[in-house]
Number of protein chains: 2
Amino acid sequence: MKTVEIFCDGACSGNGKETNVGGWGAVLVYNGQKKELFGGEASTTNNIMELTAVIEALKSLKTTSLEVHIFSDSAYVVNCFREGWYRKWQLNGWRNSKKEPVENKLLWETLINLVASFAKVEFYKIKGHLNLDAPADIQKWYKKFNANNDLQFSLEEFIVVSTYNHLADELANKGMAPYK
Amino acid sequence: MKTVEIFCDGACSGNGKETNVGGWGAVLVYNGQKKELFGGEASTTNNIMELTAVIEALKSLKTTSLEVHIFSDSAYVVNCFREGWYRKWQLNGWRNSKKEPVENKLLWETLINLVASFAKVEFYKIKGHLNLDAPADIQKWYKKFNANNDLQFSLEEFIVVSTYNHLADELANKGMAPYK
RNA sequence: UGACACCAUUUUUU
DNA sequence: AAAAAATGGTGTCA
């Protein structure tokens, strides 16, 4: 079965303030080909943008007979699936551990359904703020990354992930460009 | 009769974990003079620290011919006296509403005896996490505070309470400083 | 069931 | 340095 790798990121300038603008971006890599998506909206949150990036990326795929690898720096997104938060939510009427209603329920339901529709989906947590500005020090950055990250990448994988994570971040910012 | 105002707070980094460190702090105001106390210990709980802050503050007073006002953000501490939990405990052999033994009995007994020894003691519940970082927006914070708090303060009182509550929090953190 | 604290984690920002 | 968006938990009581 073919594998798709999805690198996504979200941003929200003025998160928590009354007026704000958010953006999201995703890079999909399939069979050596690269697809870029991005978008944005006003009056949102950082977490909504992180969620939206994954949802829009999955929605853009034309077939579900795929193994999907999703890379995100959002514990909010990744842990929901890696730690099975969503199963508890479905069983207890969408209450979080503080007994309050789970936020962004509609987006979560959309994402859960999307994920279930694919042959296989795996979520990978990566660190935010990867730095590719010092290519000469790439080895240093690589060690630092592996020391701080659950995932352990080879040098080649690290460069790929960093590059695409960076690109996803740029796309997220592009998503709110008209407002910025 | 002279009045003493006591502002206290407790903290416990890693509360509920196997290894943790707690701290407590108290600010006493008497006759325009200010006294600061703090301390800390390992392997404790947030509630023990909240209790200890009040106990140590009262123990530090040299006379009991005083009216004492105690400000705390802990419902655990304040409601025991405002709602008279302690009287039920004394009558029913120190069982809580689930018929289980009341926790921290020794500390409670110490506190109850201390309180009884003073001419008059009143407990006031205040909200945690007061914010004094935006003095320009003090009016906004003041409204927000009074909207969310049982107590209603004048603006001047609010500033005093916020300041001392903040200070007590800093002292509590100072109490666990050597470990931090 | 409710309430108040105390934390842990990752982002997003100012 | 400090706040918001979100999740997970314990300490305690009624």
Side-chain angles (χ1 to χ4, degrees), chain A residues 8-18 20-24 44-51 53 72-86 88-89 95-105 107-108 125-129 148-150 169 172-173 176, chain B residues 8-24 44-51 53 72-86 88-89 95-105 107-108 125-129 131-134 137 148-150 169 172-173 176:
Chain A
C8 33
D9 204 358
C12 181
S13 163
N15 189 45
K17 300 277 169 61
E18 293 173 18
N20 65 57
V21 211
W24 58 269
T44 184
T45 70
N46 62 327
N47 289 329
I48 289 175
M49 289 296 98
E50 301 273 14
L51 270 171
S72 167
D73 63 22
S74 167
Y76 184 56
V77 168
V78 173
N79 287 351
C80 172
F81 292 92
R82 288 197 82 97
E83 301 186 359
W85 296 348
Y86 69 95
K88 293 187 193 170
W89 297 341
R95 297 271 156 177
N96 64 24
S97 72
K98 297 184 180 64
K99 319 287 176 94
E100 295 156 352
V102 169
E103 300 287 334
N104 309 315
K105 184 187 174 203
L107 286 172
W108 280 121
K125 170 74 180 65
I126 58 174
K127 260 191 82 69
H129 303 105
N148 291 318
N149 219 51
D150 289 341
D169 182 50
N173 286 311
M176 46 185 173
Chain B
C8 33
D9 202 359
C12 180
S13 165
N15 188 45
K17 302 277 169 63
E18 293 173 17
T19 69
N20 64 57
V21 211
W24 58 269
T44 183
T45 72
N46 63 327
N47 290 328
I48 288 174
M49 288 296 98
E50 301 274 12
L51 270 171
S72 167
D73 63 21
S74 168
Y76 183 58
V77 168
V78 173
N79 287 351
C80 172
F81 292 91
R82 289 197 80 97
E83 302 184 359
W85 296 349
Y86 69 96
K88 293 187 193 169
W89 297 340
R95 298 274 155 178
N96 64 24
S97 68
K98 289 193 284 246
K99 318 287 174 108
E100 295 157 352
V102 170
E103 299 286 332
N104 308 317
K105 184 187 173 202
L107 286 172
W108 281 122
K125 169 74 180 68
I126 59 175
K127 259 191 86 69
H129 302 107
N131 191 322
L132 280 186
D133 292 336
D137 291 329
N148 292 317
N149 218 51
D150 290 340
D169 182 51
N173 285 310
M176 47 186 173

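Basis for what follows: all heavy atoms, side chains included, without hydrogens, waters or symmetry-related copies. These numbers come from a predicted model, not from an experiment. The chains referred to below are lettered A, B, ... by the order of the sequence lines, with proteins before strands, and numbering in each begins at 1.
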Measuring only between side-chain heavy atoms, which start at C-beta, is M49(B) closer than 4.5 Å to T44(B)? yes
With heavy atoms under 4.0 Å as the rule, sort D9(A) into base, sugar-phosphate or nothing. sugar-phosphate
Verify whether the ring centers belonging to Y76(A) and W85(A) lie closer than 6.0 Å. no
What's S97(B) touching, base or sugar-phosphate or nothing? Going by heavy atoms closer than 4.0 Å. base
In terms of side-chain heavy atoms of I48(B), which of C6(C), dT12(D), dG8(D) is nearest? dT12(D)
Proximity to the side chain of T45(B) - top-ranked nucleotide from U12(C), dT12(D), dG8(D): dT12(D)
U12(C), U1(C), U14(C): which one has an atom nearest the side-chain heavy atoms of S13(A)? U14(C)
What is the distance from OH of Y86(A) to P of dG8(D), rounded to the nearest Å? 14 Å
Under 4.0 Å between any heavy atoms, over every strand shown, what does W108(B) touch: base, sugar-phosphate, or nothing? Just pick one. nothing
N46(B) atom CG is separated from A3(C) atom P, nearest whole Å, by 18 Å
Mind calculating the distance between CG (N47(B)) and C1' (A3(C)) to the nearest angstrom? 12 Å
For V102(B) against R95(B), the heavy-atom pair lying closest together: CG2-C, 3.8 Å
What is the distance from CZ of R82(B) to C1' of dA14(D), rounded to the nearest Å? 16 Å
Check the distance between dT10(D)'s C1' and K99(A)'s NZ and give it to me in whole angstrom. 13 Å
Under 4.0 Å between any heavy atoms, over every strand shown, what does E83(A) touch: base, sugar-phosphate, or nothing? Just pick one. nothing
Minimum heavy-atom distance K127(A)-N149(A), with the two atoms named: N-OD1, 3.0 Å
Check every strand shown and say whether V102(B) touches a base, only sugar-phosphate, or nothing at a heavy-atom separation below 4.0 Å. sugar-phosphate
Nearest to the K98(A) side chain among dA5(D), C6(C), dG8(D), which nucleotide is it? dG8(D)
Return the value, rounded to whole Å, for the distance between atom CG of N104(B) and atom C1' of A5(C). 14 Å
Minimum heavy-atom separation for G22(B) and M176(B), please, with both atom names. O-CB, 3.7 Å
Of the listed A5(C), dG8(D), C6(C), the closest approach to the W85(A) side chain comes from dG8(D)
When you get a sec, tell me which of U12(C), dT7(D), dT12(D) is the closest nucleotide to the side chain of E103(A)? dT7(D)
Winner on side-chain proximity to K125(A), out of C6(C), dC13(D), U11(C), is U11(C)
Phosphate OP1/OP2 of dG9(D): any K88(A) side-chain N/O under 4.0 Å: yes
Checking N79(A) side chain against R82(A) main chain: does a donor-acceptor pair fall under 3.5 Å? no
Could you state the CG-C1' distance from N173(B) to A5(C), rounded to the nearest angstrom? 14 Å
Tell me what N79(A) touches on the nucleic acid: a base, only sugar-phosphate, or nothing, going by heavy atoms under 4.0 Å. nothing
Between H129(A) and U11(C), is there a contact of a side-chain N or O with OP1 or OP2 at under 4.0 Å? no
Of the nucleotides U12(C), dT12(D), dG8(D), which one has an atom closest to the side chain of Y76(B)? dT12(D)
With sugar-phosphate meaning primed atoms plus P, OP1 and OP2, does K17(B) contact a base, only sugar-phosphate, or nothing at under 4.0 Å between heavy atoms? sugar-phosphate
It should be established whether N15(B) places a side-chain nitrogen or oxygen under 4.0 Å from OP1 or OP2 of nucleotide dG11(D). no
Can you name the closest pair of heavy atoms from C12(A) and N46(A) and give their distance? CB-N, 3.6 Å
Report yes if a side-chain nitrogen or oxygen of W89(A) is closer than 4.0 Å to either non-bridging phosphate oxygen (OP1 or OP2) of dG8(D); otherwise report no. yes
Can you check the N20(A) CG to U13(C) C1' distance for me, whole Å? 10 Å
Let me know, please, whether R95(A) or G16(B) comes out on the 5' side of the other along RNA chain C by nearest nucleotide. R95(A)
